[in-house]
Every structure is written in C-alpha cells, then in structure tokens.
Amino acid sequence: GSMMPIRLPKPLQRRDPRRLMQEGCARHRIVVPVMPVDGALWARISAQAYNVPEDYERLATCRSIP
C-alpha cells in the first residue's frame with residue numbers, strides 16, 4: 001500500500017490532533033491526517049506520484065511545531 005501510520009514523537013503526543021494538522025498545513029505546507037489510536041497520536045502518510053523525497057524530509061523535521 002501507499003499509506004503508512006507513523007507514531008508521533010513524545011513531544012507531540014500531548015498536543016491536540018486538529019491543531020497539529022492545522023499548524024502542519026499553515027507552517028510547513030504539509031497535509032497529514034493526525035489521529036489518536038489506543039492513547040497515542042499517529043500521522044497517516046501516503047506516497048503519491050507528486051511527492052518528492054524532500055516532502056518526507058520536511059515532514060520529519062516538523063517535530064518542532066510548538
């Protein structure tokens with residue numbers, strides 16, 4: 001499949017998932033669904049033909065979203 005869930009790092013686990021999605025889009029131009037599953041926040045990433053490796057690198061650096 002082209003979709004994969006990734007568990008968000010500890011600093012982001014206490015954040016509001018809706019707020020994380022809004023900030024990711026506004027600050028980093030990244031659209032990633034974030035949802036709680038079994039008490040942890042997960043992001044669902046997908047590989048698309050229009051994505052480039054730099055898009056995933058930018059997502060990986062989003063740990064600093066305040």
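Side chains are part of it too, since the values below use all heavy atoms of this structure and drop only hydrogens, waters and symmetry mates. All values derive from a computational prediction rather than experimental measurement.
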key: Atom pair CZ/CZ of Arg19 and Arg15 - distance to nearest 0.5 Å   = 6.5 Å

ask   = Is it true that atom CE of Met35 has more than 12 heavy atoms of other residues, nucleotides or ligands lying nearer than 6.0 Å?
value = yes

remark   = For Pro33 and Met21 the tightest heavy-atom approach is CA-SD, 3.6 Å

request  = Identify the heavy atoms of Ser46 and Met3 that sit nearest to each other, and give their distance.
outcome  = CB-CG, 3.8 Å

query = How close do Gly39 and Gln13 get, heavy atom to heavy atom, and via which atoms?
reply = O-OE1, 4.4 Å

key: CG-CD1 distance between Asp55 and Ile45, expressed to the nearest 0.5 angstrom   = 11.0 Å

query = Name the one of Leu12, Leu20, Asp16 that satisfies side chain to side chain contact (heavy atoms under 4.5 Å, CB included) with Val34?
reply = Leu20

query = To the nearest 0.5 Å, how far apart are NZ in Lys10 and CG in Leu41?
reply = 14.0 Å

request  = Determine, using the 4.5 Å side-chain heavy-atom cutoff (strictly less than), whether Tyr56 and Met4 are members of one ILVMFWY cluster.
outcome  = no

